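Not measured: the values here are computed from a predicted model. Note: hydrogens, waters and symmetry copies are ignored here, and every other heavy atom, side chains too, is used.
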Amino acid sequence: METTTYEGGSVFGAIFGTGFIIFCLAVAVFFIICLWKIFEKAGQEGWKAIIPIYNVYVLTQIIGKPWYWVILMCIPYVGIIWGIWATNLLSKSFGKTEGFTVGLILLGIVFYPILAFDRTIVYKGPAGDPTRFNNVNEDLNSIGKTA
């Protein structure tokens with residue numbers, strides 16, 4: 001009985017697999033750095049970005065939503081909707097629009113560093129906080145009036 005060895009393929013697979021793992025780790029570290037900077041911009045401590053689950057809880061504080069959103073984000077399929085909603089509220093908390101939200105979702109490798117490192121983007125406050133919008137009537141009544 002003959003045995004066949006694939007030594008050349010094994011070496012190629014090992015090199016490719018190791019390179020792929022190193023690339024994935026580099027991307028993960030880059031996103032952790034971006035999240036760290038986003039947390040610091042929002043007035044939270046950066047180290048909170050590296051603790052799993054707790055970083056999602058801190059994110060809910062940044063966007064102004066209650067703690068049980070962490071549980072809702074863990075539900076299969078439903079969590080995707082809550083994650084997209086949270087991303088939208090994150091971009092609005094920094095004064096950005098839905099277009100920026102689409103960028104965060106589809107091109108996160110580009111838009112998260114923009115959110116983290118662009119000095120012109122500042123934290124405006126939690127977008128999901130309904131008390132932010134209590135003064136809407138006062139703002140509308142003040143249109144056209146001088147101080």
Side-chain angles (χ1 to χ4, degrees), residues 8-147:
S10 298
V11 171
F12 177 74
I15 292 171
F16 179 74
T18 304
F20 184 71
I21 288 173
I22 291 172
F23 174 76
C24 289
L25 286 174
V27 170
V29 167
F30 181 67
F31 270 109
I32 289 171
I33 292 169
C34 290
L35 196 58
W36 186 297
K37 297 299 280 181
I38 290 169
F39 277 26
E40 287 180 343
K41 272 188 171 184
Q44 298 288 335
E45 297 175 19
W47 63 265
K48 294 178 180 179
I50 60 174
I51 301 175
I53 308 296
Y54 184 61
N55 63 4
V56 180
Y57 171 70
V58 174
L59 179 68
T60 60
Q61 291 178 333
I62 291 171
I63 64 175
K65 289 298 178 185
W67 64 269
Y68 58 82
W69 268 48
V70 176
I71 297 169
L72 293 173
M73 287 186 199
C74 293
I75 299 172
Y77 302 109
V78 176
I80 294 170
I81 309 258
W82 256 259
I84 291 171
W85 193 357
T87 304
N88 184 33
L89 291 174
L90 179 67
S91 68
K92 288 184 176 184
S93 295
F94 283 92
K96 295 298 178 184
T97 62
E98 288 81 8
F100 199 83
T101 301
V102 171
L104 285 172
I105 294 168
L106 298 179
L107 287 171
I109 194 83
V110 175
F111 281 82
Y112 274 102
I114 290 172
L115 190 63
F117 298 110
D118 188 356
R119 293 181 183 178
T120 61
I121 300 174
V122 294
Y123 181 65
K124 309 280 186 194
D129 187 8
T131 59
R132 260 184 84 202
F133 304 105
N134 284 346
N135 298 329
V136 171
N137 288 332
E138 292 174 14
D139 292 340
L140 289 175
N141 291 335
S142 67
I143 293 176
K145 295 180 183 176
T146 58

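Residue Met73 comes nearest to Ala86 through the heavy atom pair CE-CB, 3.4 Å, listed as atom of the first residue, atom of the second, then distance. Ser91 approaches Thr97 most closely through the heavy-atom pair OG-O, 3.6 Å. Scanning both residues, Asn55 and Phe39, for their nearest heavy atoms gives O-CZ, 3.4 Å. Nearest heavy-atom pair, Pro113 versus Gly108, reported as atom, atom and distance to 0.1 Å: CD-O, 3.5 Å. Pairing each heavy atom of Leu115 with each of Lys41, the nearest pair is O-NZ, 2.9 Å. Considering all non-hydrogen atoms of both residues, Ile121 and Ile114 come closest at CD1-O, 3.7 Å.
A donor-acceptor contact shorter than 3.5 Å links the side chain of Ser93 to the backbone of Ala127. With Tyr112 contributing its side chain and Ile38 its backbone, the two residues share no donor-acceptor pair below 3.5 Å.
In this structure, CZ on Phe16 lies 10.5 Å from CZ on Phe23, to the nearest 0.5 angstrom. Of the inter-residue distances, the one linking Ile63 atom CD1 with Thr87 atom OG1 reads 8.0 Å to the nearest 0.5 angstrom. Rounding to the nearest 0.5 Å places CD1 of Ile75 at 12.0 Å from CD1 of Ile80. For the atom pair CZ (Phe111) and CD1 (Ile105), the distance works out to 11.0 Å, reported to the nearest 0.5 Å. Rounded to the nearest 0.5 angstrom, Trp85 CH2 and Leu72 CG are separated by 9.5 Å.
No side-chain heavy atom of Leu59 sits less than 4.5 Å from a side-chain heavy atom of Trp69. Using a 4.5 Å cut-off on side-chain heavy atoms (C-beta onward), Val27 and Phe31 make contact. Residues Phe94 and Leu90 meet the side-chain proximity criterion, which asks for heavy atoms closer than 4.5 Å. Side chains of Tyr57 and Ile51 form no contact here, defined as non-hydrogen atoms less than 4.5 Å apart. Side-chain contact check for Trp82 versus Ile71: every heavy-atom pair is 4.5 Å or farther apart. Residues Glu98 and Asn88 have side chains in contact (heavy-atom distance under 4.5 Å, counting atoms from C-beta outward).
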How far apart are the C-alpha atoms of Ile62 and Tyr123, what are their side-chain angles, what is the distance that settles it, and do they pass the side-chain contact (heavy atoms from CB on, under 4.5 Å) test? CA-CA 9 Å; Ile62 291 171; Tyr123 181 65; 3.6 Å; yes
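Lys37 NZ: 12 or fewer foreign heavy atoms inside a 6.0 Å radius.
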